[in-house]
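Chain identifiers are assigned alphabetically (A, B, ...) following the order of the sequence lines, protein sequences preceding nucleic acid strands; residue numbering begins at 1 within each chain.
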2 protein chains.
Amino acid sequence: MNTKHKDYETPGVTVDLAIFTVNSAKLKVLLVKRAEEPFRGQWSLPGGFLIHDESLDNAAQRVLKEKTAVQNVYMEQLYTFGHPKRDPRARVVTIAYFALIPWKRLAQPASEKIVDLSWADVDALPKLAFDHKAILNYAIQRLRAKASYSNIVYGLMPKQFRLSELQSMYEIIIHDKLDKRNFRKQMLATHLLEETGKKDATGAHRPAMLYQFKKMKIAFFN
Amino acid sequence: MNTKHKDYETPGVTVDLAIFTVNSAKLKVLLVKRAEEPFRGQWSLPGGFLIHDESLDNAAQRVLKEKTAVQNVYMEQLYTFGHPKRDPRARVVTIAYFALIPWKRLAQPASEKIVDLSWADVDALPKLAFDHKAILNYAIQRLRAKASYSNIVYGLMPKQFRLSELQSMYEIIIHDKLDKRNFRKQMLATHLLEETGKKDATGAHRPAMLYQFKKMKIAFFN
DNA sequence: TGTGCTTAGTGTTCATTGTACACTTAGTAT
DNA sequence: ATACTAAGTGTACAATGAACACTAAGCACA
(Lines give C-alpha, C1' and ligand atoms only; values in the text may rest on other atoms or scores of the structure.)
Protein backbone atom coordinates (compact mmCIF):
# COMPACT_ATOMS: atom_id res chain seq x y z
CA MET A 1 0.00 0.00 0.00
CA ASN A 2 3.07 2.23 -0.16
CA THR A 3 2.35 4.70 -2.90
CA LYS A 4 5.89 6.04 -2.80
CA HIS A 5 7.52 2.98 -4.37
CA LYS A 6 9.51 4.02 -7.42
CA ASP A 7 7.35 2.11 -9.90
CA TYR A 8 4.15 3.52 -8.55
CA GLU A 9 2.96 7.03 -9.02
CA THR A 10 0.11 9.12 -7.81
CA PRO A 11 -1.39 10.60 -10.95
CA GLY A 12 -3.46 13.72 -10.88
CA VAL A 13 -7.16 12.94 -10.75
CA THR A 14 -9.66 15.15 -12.50
CA VAL A 15 -13.27 15.06 -13.57
CA ASP A 16 -14.30 16.26 -17.03
CA LEU A 17 -17.86 16.92 -18.09
CA ALA A 18 -19.69 16.65 -21.35
CA ILE A 19 -22.64 18.92 -20.62
CA PHE A 20 -25.30 18.79 -23.28
CA THR A 21 -28.29 20.89 -24.12
CA VAL A 22 -30.47 21.32 -27.19
CA ASN A 23 -31.23 24.68 -28.71
CA SER A 24 -32.34 25.69 -32.19
CA ALA A 25 -32.81 22.03 -33.06
CA LYS A 26 -29.12 21.32 -32.46
CA LEU A 27 -27.32 19.24 -29.87
CA LYS A 28 -24.82 21.49 -28.12
CA VAL A 29 -22.02 20.85 -25.68
CA LEU A 30 -20.44 23.29 -23.27
CA LEU A 31 -16.81 24.15 -24.00
CA VAL A 32 -14.34 26.22 -22.00
CA LYS A 33 -11.46 28.19 -23.43
CA ARG A 34 -8.32 27.21 -21.55
CA ALA A 35 -6.62 30.06 -19.71
CA GLU A 36 -3.48 28.10 -18.87
CA GLU A 37 -0.94 25.75 -20.32
CA PRO A 38 -1.04 23.18 -21.66
CA PHE A 39 -3.30 23.94 -24.63
CA ARG A 40 -3.73 27.57 -23.55
CA GLY A 41 -6.36 29.27 -25.69
CA GLN A 42 -7.82 26.01 -26.97
CA TRP A 43 -11.32 24.82 -26.27
CA SER A 44 -11.81 21.98 -23.83
CA LEU A 45 -14.46 20.23 -21.79
CA PRO A 46 -15.09 21.83 -18.40
CA GLY A 47 -13.34 19.96 -15.62
CA GLY A 48 -11.16 20.23 -12.59
CA PHE A 49 -9.05 18.43 -10.05
CA LEU A 50 -10.61 16.36 -7.35
CA ILE A 51 -10.75 18.19 -4.06
CA HIS A 52 -10.09 16.78 -0.62
CA ASP A 53 -12.99 14.83 0.90
CA GLU A 54 -15.11 15.19 -2.19
CA SER A 55 -16.62 12.19 -3.93
CA LEU A 56 -16.33 11.87 -7.69
CA ASP A 57 -20.01 12.66 -8.12
CA ASN A 58 -19.65 15.71 -5.92
CA ALA A 59 -16.67 16.91 -7.92
CA ALA A 60 -18.69 16.60 -11.09
CA GLN A 61 -21.60 18.46 -9.50
CA ARG A 62 -19.25 21.20 -8.37
CA VAL A 63 -17.84 21.71 -11.86
CA LEU A 64 -21.33 21.68 -13.29
CA LYS A 65 -22.48 24.36 -10.88
CA GLU A 66 -19.37 26.51 -11.42
CA LYS A 67 -19.87 26.60 -15.17
CA THR A 68 -23.63 26.58 -15.59
CA ALA A 69 -25.09 27.67 -12.26
CA VAL A 70 -27.62 24.84 -12.48
CA GLN A 71 -28.12 21.86 -10.22
CA ASN A 72 -30.38 18.84 -10.06
CA VAL A 73 -30.00 17.85 -13.66
CA TYR A 74 -29.43 14.42 -15.12
CA MET A 75 -25.81 13.36 -14.73
CA GLU A 76 -24.02 10.03 -14.90
CA GLN A 77 -20.47 8.78 -14.84
CA LEU A 78 -19.32 7.96 -18.34
CA TYR A 79 -15.89 6.38 -18.46
CA THR A 80 -12.41 6.89 -17.07
CA PHE A 81 -9.60 7.91 -19.35
CA GLY A 82 -6.04 7.30 -18.25
CA HIS A 83 -3.68 7.00 -21.19
CA PRO A 84 -0.20 7.90 -19.85
CA LYS A 85 0.32 10.60 -22.48
CA ARG A 86 -3.13 12.14 -22.48
CA ASP A 87 -1.75 15.16 -20.63
CA PRO A 88 1.62 16.20 -22.09
CA ARG A 89 2.97 17.48 -18.79
CA ALA A 90 1.96 15.13 -16.03
CA ARG A 91 0.14 11.90 -15.52
CA VAL A 92 -3.54 12.72 -15.14
CA VAL A 93 -6.41 10.29 -14.95
CA THR A 94 -9.82 11.79 -15.63
CA ILE A 95 -13.24 10.49 -14.76
CA ALA A 96 -15.62 11.68 -17.46
CA TYR A 97 -19.26 12.48 -16.74
CA PHE A 98 -22.07 13.52 -18.96
CA ALA A 99 -24.92 15.81 -18.03
CA LEU A 100 -28.12 17.00 -19.68
CA ILE A 101 -29.65 20.43 -19.15
CA PRO A 102 -32.91 21.77 -20.56
CA TRP A 103 -32.07 24.92 -22.48
CA LYS A 104 -34.68 26.89 -20.56
CA ARG A 105 -32.91 26.26 -17.29
CA LEU A 106 -29.76 27.99 -18.45
CA ALA A 107 -29.42 31.62 -17.45
CA GLN A 108 -28.62 32.74 -20.96
CA PRO A 109 -27.66 36.38 -20.30
CA ALA A 110 -25.18 35.33 -17.61
CA SER A 111 -23.50 32.59 -19.57
CA GLU A 112 -23.38 34.65 -22.75
CA LYS A 113 -21.36 37.27 -20.90
CA ILE A 114 -18.59 34.84 -20.16
CA VAL A 115 -16.58 34.86 -23.33
CA ASP A 116 -14.61 31.79 -22.34
CA LEU A 117 -17.70 29.58 -22.35
CA SER A 118 -19.38 28.39 -25.50
CA TRP A 119 -22.25 26.11 -26.40
CA ALA A 120 -20.81 24.41 -29.45
CA ASP A 121 -22.82 22.50 -31.99
CA VAL A 122 -21.59 18.91 -31.74
CA ASP A 123 -21.60 18.67 -35.54
CA ALA A 124 -19.26 21.64 -35.87
CA LEU A 125 -16.68 21.32 -33.13
CA PRO A 126 -13.43 23.23 -32.89
CA LYS A 127 -10.17 21.45 -32.13
CA LEU A 128 -10.21 20.31 -28.52
CA ALA A 129 -7.46 20.05 -25.91
CA PHE A 130 -6.12 16.77 -24.52
CA ASP A 131 -8.16 13.72 -25.55
CA HIS A 132 -11.39 15.63 -25.10
CA LYS A 133 -12.54 14.90 -28.62
CA ALA A 134 -12.43 11.19 -27.84
CA ILE A 135 -14.24 11.73 -24.54
CA LEU A 136 -16.90 13.78 -26.27
CA ASN A 137 -17.38 11.23 -29.03
CA TYR A 138 -17.84 8.57 -26.40
CA ALA A 139 -20.40 10.73 -24.60
CA ILE A 140 -22.36 11.44 -27.76
CA GLN A 141 -22.40 7.77 -28.63
CA ARG A 142 -23.72 6.90 -25.19
CA LEU A 143 -26.35 9.62 -25.29
CA ARG A 144 -27.60 8.46 -28.70
CA ALA A 145 -27.63 4.83 -27.62
CA LYS A 146 -29.49 5.51 -24.40
CA ALA A 147 -32.03 7.70 -26.14
CA SER A 148 -33.22 4.67 -28.09
CA TYR A 149 -33.87 2.37 -25.14
CA SER A 150 -34.53 4.68 -22.18
CA ASN A 151 -36.25 7.93 -21.39
CA ILE A 152 -32.99 9.78 -20.84
CA VAL A 153 -34.19 12.45 -23.27
CA TYR A 154 -36.42 13.65 -20.42
CA GLY A 155 -33.33 15.33 -19.01
CA LEU A 156 -33.39 17.81 -21.88
CA MET A 157 -37.05 18.81 -21.65
CA PRO A 158 -38.56 21.76 -19.81
CA LYS A 159 -41.15 21.16 -17.08
CA GLN A 160 -44.08 21.26 -19.45
CA PHE A 161 -44.04 20.59 -23.16
CA ARG A 162 -46.09 19.56 -26.17
CA LEU A 163 -45.75 16.00 -27.41
CA SER A 164 -44.48 17.37 -30.70
CA GLU A 165 -41.64 19.05 -28.83
CA LEU A 166 -40.76 15.79 -27.13
CA GLN A 167 -40.76 14.06 -30.49
CA SER A 168 -38.47 16.71 -31.94
CA MET A 169 -36.06 16.19 -29.06
CA TYR A 170 -35.87 12.49 -29.80
CA GLU A 171 -35.38 13.17 -33.47
CA ILE A 172 -32.54 15.59 -32.80
CA ILE A 173 -30.75 13.13 -30.55
CA ILE A 174 -31.15 9.95 -32.55
CA HIS A 175 -30.79 11.72 -35.87
CA ASP A 176 -33.83 10.19 -37.48
CA LYS A 177 -37.47 10.95 -38.20
CA LEU A 178 -40.18 9.28 -36.13
CA ASP A 179 -43.78 8.51 -36.96
CA LYS A 180 -46.09 10.89 -35.12
CA ARG A 181 -48.86 8.43 -34.29
CA ASN A 182 -46.56 5.60 -33.25
CA PHE A 183 -44.47 7.98 -31.17
CA ARG A 184 -47.48 9.26 -29.25
CA LYS A 185 -48.81 5.78 -28.72
CA GLN A 186 -45.50 4.58 -27.29
CA MET A 187 -44.95 7.60 -25.07
CA LEU A 188 -48.42 7.44 -23.57
CA ALA A 189 -48.12 3.67 -23.13
CA THR A 190 -45.21 4.14 -20.70
CA HIS A 191 -47.54 6.00 -18.31
CA LEU A 192 -44.62 8.24 -17.39
CA LEU A 193 -46.37 11.30 -18.81
CA GLU A 194 -49.40 13.10 -17.56
CA GLU A 195 -51.57 15.80 -19.04
CA THR A 196 -51.35 19.15 -17.28
CA GLY A 197 -54.79 20.28 -18.42
CA LYS A 198 -53.16 23.41 -19.80
CA LYS A 199 -52.95 24.15 -23.48
CA ASP A 200 -50.24 25.91 -25.36
CA ALA A 201 -52.02 28.30 -27.70
CA THR A 202 -49.00 29.86 -29.38
CA GLY A 203 -48.97 29.94 -33.15
CA ALA A 204 -51.57 30.12 -35.85
CA HIS A 205 -52.91 26.63 -35.40
CA ARG A 206 -54.77 24.30 -33.08
CA PRO A 207 -53.45 24.58 -29.49
CA ALA A 208 -51.56 21.61 -28.08
CA MET A 209 -52.05 19.87 -24.76
CA LEU A 210 -49.12 20.40 -22.42
CA TYR A 211 -47.65 17.34 -20.72
CA GLN A 212 -45.22 16.80 -17.89
CA PHE A 213 -43.35 13.85 -16.41
CA LYS A 214 -44.96 12.19 -13.43
CA LYS A 215 -41.54 12.01 -11.79
CA MET A 216 -38.12 12.54 -13.24
CA LYS A 217 -36.82 9.03 -13.08
CA ILE A 218 -34.90 7.22 -15.77
CA ALA A 219 -36.70 4.10 -16.95
CA PHE A 220 -35.71 1.47 -19.46
CA PHE A 221 -37.96 0.25 -22.20
CA ASN A 222 -37.91 -3.21 -23.86
CA MET B 1 -3.16 22.92 -13.17
CA ASN B 2 -1.08 23.07 -10.00
CA THR B 3 -1.73 19.86 -8.16
CA LYS B 4 0.02 21.11 -5.03
CA HIS B 5 -2.62 23.63 -4.10
CA LYS B 6 -3.77 23.02 -0.54
CA ASP B 7 -7.34 22.09 -1.52
CA TYR B 8 -6.28 19.63 -4.13
CA GLU B 9 -4.85 16.25 -3.50
CA THR B 10 -3.37 13.50 -5.59
CA PRO B 11 -5.24 10.40 -4.51
CA GLY B 12 -3.84 6.96 -4.99
CA VAL B 13 -5.13 5.36 -8.17
CA THR B 14 -5.74 1.65 -8.35
CA VAL B 15 -7.50 -0.82 -10.60
CA ASP B 16 -9.67 -3.55 -9.09
CA LEU B 17 -10.98 -6.52 -11.02
CA ALA B 18 -14.09 -8.62 -10.78
CA ILE B 19 -12.89 -11.74 -12.59
CA PHE B 20 -15.68 -14.20 -13.27
CA THR B 21 -15.79 -17.79 -14.33
CA VAL B 22 -18.41 -20.52 -14.21
CA ASN B 23 -17.77 -23.92 -12.72
CA SER B 24 -20.11 -26.59 -11.36
CA ALA B 25 -23.06 -24.56 -12.62
CA LYS B 26 -22.13 -21.63 -10.38
CA LEU B 27 -20.95 -18.14 -11.16
CA LYS B 28 -17.65 -17.61 -9.35
CA VAL B 29 -15.48 -14.59 -8.72
CA LEU B 30 -11.80 -14.51 -7.91
CA LEU B 31 -10.96 -13.24 -4.42
CA VAL B 32 -7.59 -12.52 -2.83
CA LYS B 33 -6.80 -12.73 0.85
CA ARG B 34 -5.18 -9.47 1.88
CA ALA B 35 -1.65 -9.84 3.27
CA GLU B 36 -1.39 -6.26 4.48
CA GLU B 37 -3.27 -3.60 6.33
CA PRO B 38 -5.86 -2.31 6.02
CA PHE B 39 -8.24 -5.26 6.17
CA ARG B 40 -5.37 -7.73 6.61
CA GLY B 41 -6.64 -11.28 6.34
CA GLN B 42 -9.92 -10.29 4.71
CA TRP B 43 -10.97 -11.27 1.22
CA SER B 44 -10.89 -8.64 -1.50
CA LEU B 45 -11.01 -8.24 -5.25
CA PRO B 46 -7.62 -8.51 -6.92
CA GLY B 47 -6.17 -5.10 -7.74
CA GLY B 48 -3.15 -2.90 -7.60
CA PHE B 49 -1.77 0.56 -7.98
CA LEU B 50 -1.31 2.10 -11.36
CA ILE B 51 2.28 1.92 -12.54
CA HIS B 52 4.22 4.58 -14.37
CA ASP B 53 3.51 4.80 -18.11
CA GLU B 54 0.85 2.15 -17.95
CA SER B 55 -2.63 2.75 -19.31
CA LEU B 56 -5.65 1.77 -17.22
CA ASP B 57 -6.40 -1.16 -19.51
CA ASN B 58 -2.80 -2.31 -19.26
CA ALA B 59 -2.90 -2.11 -15.49
CA ALA B 60 -6.02 -4.26 -15.46
CA GLN B 61 -4.41 -6.74 -17.85
CA ARG B 62 -1.33 -6.88 -15.64
CA VAL B 63 -3.35 -7.68 -12.52
CA LEU B 64 -5.31 -10.27 -14.45
CA LYS B 65 -2.16 -12.00 -15.61
CA GLU B 66 -0.54 -11.87 -12.16
CA LYS B 67 -3.47 -13.59 -10.52
CA THR B 68 -4.72 -15.98 -13.18
CA ALA B 69 -1.87 -16.41 -15.66
CA VAL B 70 -4.34 -15.98 -18.50
CA GLN B 71 -4.50 -13.32 -21.18
CA ASN B 72 -6.73 -12.45 -24.10
CA VAL B 73 -9.99 -12.83 -22.29
CA TYR B 74 -13.00 -10.57 -22.34
CA MET B 75 -12.47 -7.51 -20.18
CA GLU B 76 -14.12 -4.13 -19.95
CA GLN B 77 -13.97 -1.09 -17.72
CA LEU B 78 -16.86 -1.11 -15.30
CA TYR B 79 -17.04 2.04 -13.20
CA THR B 80 -14.82 4.26 -11.09
CA PHE B 81 -15.29 4.36 -7.33
CA GLY B 82 -13.95 7.30 -5.41
CA HIS B 83 -15.77 7.84 -2.17
CA PRO B 84 -13.36 9.75 0.10
CA LYS B 85 -13.65 7.19 2.89
CA ARG B 86 -13.57 4.01 0.82
CA ASP B 87 -10.02 3.37 2.00
CA PRO B 88 -9.69 4.10 5.72
CA ARG B 89 -6.07 5.18 5.50
CA ALA B 90 -5.61 7.28 2.39
CA ARG B 91 -7.59 8.69 -0.45
CA VAL B 92 -7.71 6.06 -3.17
CA VAL B 93 -9.73 6.16 -6.36
CA THR B 94 -10.18 2.82 -8.05
CA ILE B 95 -11.13 2.04 -11.61
CA ALA B 96 -13.06 -1.23 -11.55
CA TYR B 97 -12.92 -3.71 -14.43
CA PHE B 98 -14.70 -6.92 -15.03
CA ALA B 99 -13.31 -9.94 -16.86
CA LEU B 100 -14.65 -13.29 -17.98
CA ILE B 101 -12.57 -16.47 -18.16
CA PRO B 102 -13.66 -19.88 -19.42
CA TRP B 103 -13.04 -22.32 -16.59
CA LYS B 104 -11.03 -24.62 -18.84
CA ARG B 105 -8.45 -21.89 -19.48
CA LEU B 106 -7.56 -21.68 -15.81
CA ALA B 107 -4.56 -23.72 -14.77
CA GLN B 108 -6.38 -25.32 -11.86
CA PRO B 109 -3.46 -27.12 -10.17
CA ALA B 110 -1.42 -23.91 -10.08
CA SER B 111 -4.17 -21.64 -8.78
CA GLU B 112 -5.39 -24.19 -6.26
CA LYS B 113 -1.94 -24.22 -4.71
CA ILE B 114 -2.11 -20.57 -3.88
CA VAL B 115 -4.03 -20.54 -0.64
CA ASP B 116 -4.61 -16.81 -0.79
CA LEU B 117 -6.70 -17.06 -3.96
CA SER B 118 -10.22 -18.36 -4.01
CA TRP B 119 -12.96 -18.75 -6.58
CA ALA B 120 -15.96 -17.79 -4.50
CA ASP B 121 -19.54 -18.54 -5.39
CA VAL B 122 -21.19 -15.15 -5.91
CA ASP B 123 -24.25 -16.37 -4.01
CA ALA B 124 -22.15 -17.21 -0.94
CA LEU B 125 -19.62 -14.44 -0.55
CA PRO B 126 -17.51 -13.78 2.52
CA LYS B 127 -17.17 -10.29 3.96
CA LEU B 128 -15.09 -8.21 1.59
CA ALA B 129 -12.57 -5.46 2.23
CA PHE B 130 -13.13 -1.80 1.30
CA ASP B 131 -16.22 -1.20 -0.83
CA HIS B 132 -15.53 -4.33 -2.82
CA LYS B 133 -18.95 -5.76 -2.12
CA ALA B 134 -20.53 -2.77 -3.82
CA ILE B 135 -18.13 -3.03 -6.74
CA LEU B 136 -18.88 -6.70 -7.12
CA ASN B 137 -22.63 -6.17 -6.96
CA TYR B 138 -22.31 -3.58 -9.68
CA ALA B 139 -20.27 -6.00 -11.80
CA ILE B 140 -22.76 -8.83 -11.36
CA GLN B 141 -25.61 -6.55 -12.29
CA ARG B 142 -23.81 -5.46 -15.44
CA LEU B 143 -22.92 -9.02 -16.40
CA ARG B 144 -26.51 -10.18 -15.98
CA ALA B 145 -27.87 -7.21 -17.92
CA LYS B 146 -25.45 -7.64 -20.79
CA ALA B 147 -26.09 -11.36 -21.00
CA SER B 148 -29.66 -10.62 -21.98
CA TYR B 149 -28.94 -8.31 -24.89
CA SER B 150 -25.48 -9.28 -26.12
CA ASN B 151 -23.36 -12.35 -26.66
CA ILE B 152 -21.03 -11.50 -23.78
CA VAL B 153 -21.59 -15.00 -22.42
CA TYR B 154 -19.24 -16.15 -25.17
CA GLY B 155 -16.40 -15.00 -22.96
CA LEU B 156 -17.14 -17.83 -20.55
CA MET B 157 -17.27 -20.67 -23.09
CA PRO B 158 -14.46 -23.01 -24.13
CA LYS B 159 -13.35 -23.15 -27.78
CA GLN B 160 -15.82 -25.84 -28.71
CA PHE B 161 -19.04 -26.70 -26.98
CA ARG B 162 -22.46 -28.26 -27.32
CA LEU B 163 -25.46 -25.98 -27.71
CA SER B 164 -26.85 -27.41 -24.50
CA GLU B 165 -23.72 -26.21 -22.70
CA LEU B 166 -24.16 -22.74 -24.15
CA GLN B 167 -27.77 -22.74 -23.00
CA SER B 168 -26.72 -23.79 -19.51
CA MET B 169 -24.25 -20.92 -19.41
CA TYR B 170 -26.98 -18.43 -20.25
CA GLU B 171 -29.28 -19.96 -17.66
CA ILE B 172 -26.63 -19.72 -14.95
CA ILE B 173 -25.92 -16.07 -15.69
CA ILE B 174 -29.44 -14.79 -16.13
CA HIS B 175 -30.85 -17.05 -13.44
CA ASP B 176 -33.73 -18.37 -15.49
CA LYS B 177 -34.71 -21.37 -17.59
CA LEU B 178 -34.79 -21.05 -21.38
CA ASP B 179 -36.76 -22.99 -23.96
CA LYS B 180 -34.48 -25.39 -25.82
CA ARG B 181 -36.00 -25.00 -29.27
CA ASN B 182 -36.30 -21.24 -29.12
CA PHE B 183 -32.79 -20.91 -27.75
CA ARG B 184 -31.29 -22.93 -30.59
CA LYS B 185 -33.30 -21.05 -33.18
CA GLN B 186 -32.11 -17.70 -31.84
CA MET B 187 -28.47 -18.69 -31.48
CA LEU B 188 -28.26 -20.11 -34.98
CA ALA B 189 -30.10 -17.09 -36.38
CA THR B 190 -27.26 -14.80 -35.25
CA HIS B 191 -24.88 -16.62 -37.60
CA LEU B 192 -22.14 -16.14 -35.04
CA LEU B 193 -21.83 -19.87 -34.47
CA GLU B 194 -20.51 -22.54 -36.80
CA GLU B 195 -20.57 -26.31 -36.65
CA THR B 196 -17.18 -27.90 -36.19
CA GLY B 197 -18.18 -31.18 -37.80
CA LYS B 198 -17.01 -32.94 -34.66
CA LYS B 199 -19.33 -34.68 -32.29
CA ASP B 200 -19.08 -35.02 -28.57
CA ALA B 201 -19.90 -38.64 -27.81
CA THR B 202 -19.55 -38.55 -24.05
CA GLY B 203 -22.41 -39.92 -21.97
CA ALA B 204 -25.00 -42.60 -22.48
CA HIS B 205 -27.04 -40.73 -25.04
CA ARG B 206 -27.06 -39.38 -28.55
CA PRO B 207 -23.83 -37.47 -29.31
CA ALA B 208 -24.03 -33.73 -29.71
CA MET B 209 -22.64 -31.58 -32.50
CA LEU B 210 -19.83 -29.34 -31.29
CA TYR B 211 -20.00 -25.66 -32.21
CA GLN B 212 -17.55 -22.78 -32.06
CA PHE B 213 -17.73 -19.02 -32.49
CA LYS B 214 -16.82 -17.72 -35.92
CA LYS B 215 -14.88 -14.94 -34.24
CA MET B 216 -14.84 -13.78 -30.67
CA LYS B 217 -16.49 -10.44 -31.06
CA ILE B 218 -19.15 -9.00 -28.83
CA ALA B 219 -22.34 -8.29 -30.72
CA PHE B 220 -25.58 -6.77 -29.61
CA PHE B 221 -28.96 -8.25 -30.33
CA ASN B 222 -32.28 -6.35 -30.63
C1' DT C 1 -67.00 36.23 -42.41
C1' DG C 2 -64.97 32.88 -44.84
C1' DT C 3 -60.96 30.85 -46.92
C1' DG C 4 -56.42 29.23 -46.40
C1' DC C 5 -52.63 27.98 -43.53
C1' DT C 6 -50.49 25.45 -39.75
C1' DT C 7 -49.90 22.17 -36.24
C1' DA C 8 -52.76 18.88 -33.09
C1' DG C 9 -54.79 14.76 -32.69
C1' DT C 10 -56.48 10.07 -33.80
C1' DG C 11 -56.93 3.75 -35.62
C1' DT C 12 -56.28 0.10 -38.43
C1' DT C 13 -53.79 -3.19 -41.18
C1' DC C 14 -49.94 -5.91 -41.96
C1' DA C 15 -45.34 -7.82 -41.04
C1' DT C 16 -42.13 -9.32 -37.73
C1' DT C 17 -40.83 -11.17 -33.61
C1' DG C 18 -41.34 -13.80 -29.48
C1' DT C 19 -43.38 -17.66 -26.90
C1' DA C 20 -45.37 -21.97 -25.77
C1' DC C 21 -45.22 -26.63 -26.47
C1' DA C 22 -44.01 -32.74 -27.53
C1' DC C 23 -42.15 -36.21 -30.07
C1' DT C 24 -38.34 -38.80 -32.59
C1' DT C 25 -33.25 -39.93 -32.80
C1' DA C 26 -28.87 -41.89 -31.55
C1' DG C 27 -26.13 -43.40 -28.53
C1' DT C 28 -24.74 -46.24 -23.73
C1' DA C 29 -25.76 -49.52 -20.01
C1' DT C 30 -27.53 -53.73 -18.36
C1' DA D 1 -33.60 -56.20 -26.74
C1' DT D 2 -35.00 -52.98 -23.45
C1' DA D 3 -34.46 -48.93 -20.72
C1' DC D 4 -32.31 -44.68 -20.09
C1' DT D 5 -30.45 -40.17 -21.44
C1' DA D 6 -29.63 -36.01 -23.83
C1' DA D 7 -29.86 -34.33 -28.92
C1' DG D 8 -32.45 -32.52 -32.27
C1' DT D 9 -36.51 -30.67 -34.72
C1' DG D 10 -41.59 -27.34 -36.38
C1' DT D 11 -45.87 -25.11 -35.80
C1' DA D 12 -49.53 -22.20 -33.99
C1' DC D 13 -50.60 -18.22 -31.53
C1' DA D 14 -49.71 -13.81 -29.23
C1' DA D 15 -47.44 -9.56 -28.89
C1' DT D 16 -44.97 -6.04 -30.82
C1' DG D 17 -43.44 -2.87 -34.31
C1' DA D 18 -44.13 -0.29 -38.66
C1' DA D 19 -46.60 1.92 -42.24
C1' DC D 20 -49.97 5.06 -43.40
C1' DA D 21 -54.12 9.77 -44.16
C1' DC D 22 -57.58 12.31 -42.65
C1' DT D 23 -60.19 15.59 -39.41
C1' DA D 24 -59.90 19.37 -35.75
C1' DA D 25 -58.89 23.83 -33.85
C1' DG D 26 -57.01 27.92 -33.92
C1' DC D 27 -54.95 32.28 -36.41
C1' DA D 28 -54.15 35.44 -40.39
C1' DC D 29 -55.67 37.84 -43.90
C1' DA D 30 -58.61 39.29 -47.70
Side-chain angles (χ1 to χ4, degrees), chain A residues 22 24-25 145-151 153 157-158 160-212 219-222, chain B residues 22 24-25 145-151 153 157-158 160-212 219-222:
Chain A
V22 169
S24 306
K146 273 194 137 155
S148 62
Y149 64 83
S150 82
N151 63 347
V153 166
M157 299 299 294
Q160 301 193 339
F161 47 86
R162 298 174 292 160
L163 285 183
S164 60
E165 291 172 319
L166 183 58
Q167 182 177 343
S168 295
M169 191 61 82
Y170 271 91
E171 290 175 339
I172 290 161
I173 303 301
I174 66 177
H175 250 192
D176 203 1
K177 286 283 168 198
L178 297 171
D179 178 87
K180 180 162 66 159
R181 276 175 291 189
N182 292 337
F183 178 80
R184 286 165 172 254
K185 226 182 305 172
Q186 290 160 23
M187 286 299 123
L188 297 175
T190 64
H191 297 292
L192 296 169
L193 291 177
E194 61 188 4
E195 296 187 355
T196 61
K198 289 186 245 172
K199 297 219 172 198
D200 175 6
T202 60
H205 52 78
R206 177 174 176 176
M209 173 64 70
L210 288 175
Y211 287 80
Q212 63 191 7
F220 293 90
F221 310 144
N222 290 6
Chain B
V22 169
S24 306
K146 273 194 138 156
S148 62
Y149 64 83
S150 81
N151 63 349
V153 166
M157 299 300 292
Q160 303 195 336
F161 48 85
R162 299 173 294 163
L163 286 183
S164 61
E165 290 172 320
L166 183 59
Q167 183 178 344
S168 295
M169 191 61 81
Y170 271 91
E171 291 175 339
I172 291 161
I173 303 301
I174 67 177
H175 251 190
D176 204 0
K177 286 285 168 195
L178 298 171
D179 178 86
K180 180 162 65 158
R181 278 176 291 192
N182 292 337
F183 178 81
R184 288 167 171 252
K185 228 181 305 172
Q186 290 161 21
M187 286 298 123
L188 297 175
T190 64
H191 297 290
L192 295 169
L193 291 176
E194 61 188 3
E195 295 187 356
T196 61
K198 289 187 246 175
K199 298 218 168 194
D200 175 4
T202 61
H205 51 79
R206 176 172 176 175
M209 173 64 69
L210 288 175
Y211 286 81
Q212 63 191 8
F220 294 90
F221 312 143
N222 290 8

Distance, rounded to the nearest Å, where [X] contributes [atom1] and [N] contributes [atom2]:
X      : N      : atom1 : atom2 : answer
B:M187 : C:dG18 : CE    : C1'   : 14 Å
A:R162 : D:dG26 : CZ    : P     : 15 Å
A:K199 : D:dA24 : NZ    : P     : 14 Å
A:F183 : C:dG9  : CZ    : P     : 13 Å
A:Q186 : D:dA19 : CD    : C1'   : 13 Å
A:Q167 : C:dG9  : CD    : P     : 12 Å
B:L210 : D:dA6  : CG    : P     : 17 Å
A:L178 : D:dA18 : CG    : P     : 10 Å

Where [X] and [Y] come nearest, the two heavy atoms and their spacing:
X      : Y      : result
A:L193 : A:M187 : CD1-CB, 4.0 Å
B:A201 : B:P207 : CA-CB, 3.8 Å
A:Q167 : A:L178 : NE2-O, 2.9 Å
A:I172 : A:A25  : CD1-CA, 3.5 Å
A:M209 : A:G197 : SD-N, 3.7 Å

Any B:L210 side-chain heavy atom under 4.5 Å of B:K199 side chain: no
C:dT7 phosphate, OP1 or OP2, under 4.0 Å from A:S164 side-chain N/O: no
Residues within residues 200-209 of chain B bordering DNA chain C, heavy-atom distance below 4.0 Å: B:G203, B:A204, B:H205, B:R206, B:P207
Reference residue B:N182; test side chain to side chain donor-acceptor pair (under 3.5 Å); the match among B:K180, B:R184, B:K185: B:K185
Intermediate values then yes/no, side chain to side chain contact (heavy atoms under 4.5 Å, CB included), A:T190 and A:N151: CA-CA 10 Å; A:T190 64; A:N151 63 347; over 6 Å; no
Annotated protein contacts, base or backbone, on nucleotides 9-14 of chain D with a non-hydrogen cut-off under 4.0 Å, one of B, S, - each: BBB---
Listed once per pair and sorted, the ring pair (Phe, Tyr, Trp, His ring centres under 6.0 Å) pairs that draw on residues 191-211 of chain B, sequence neighbours left out: none
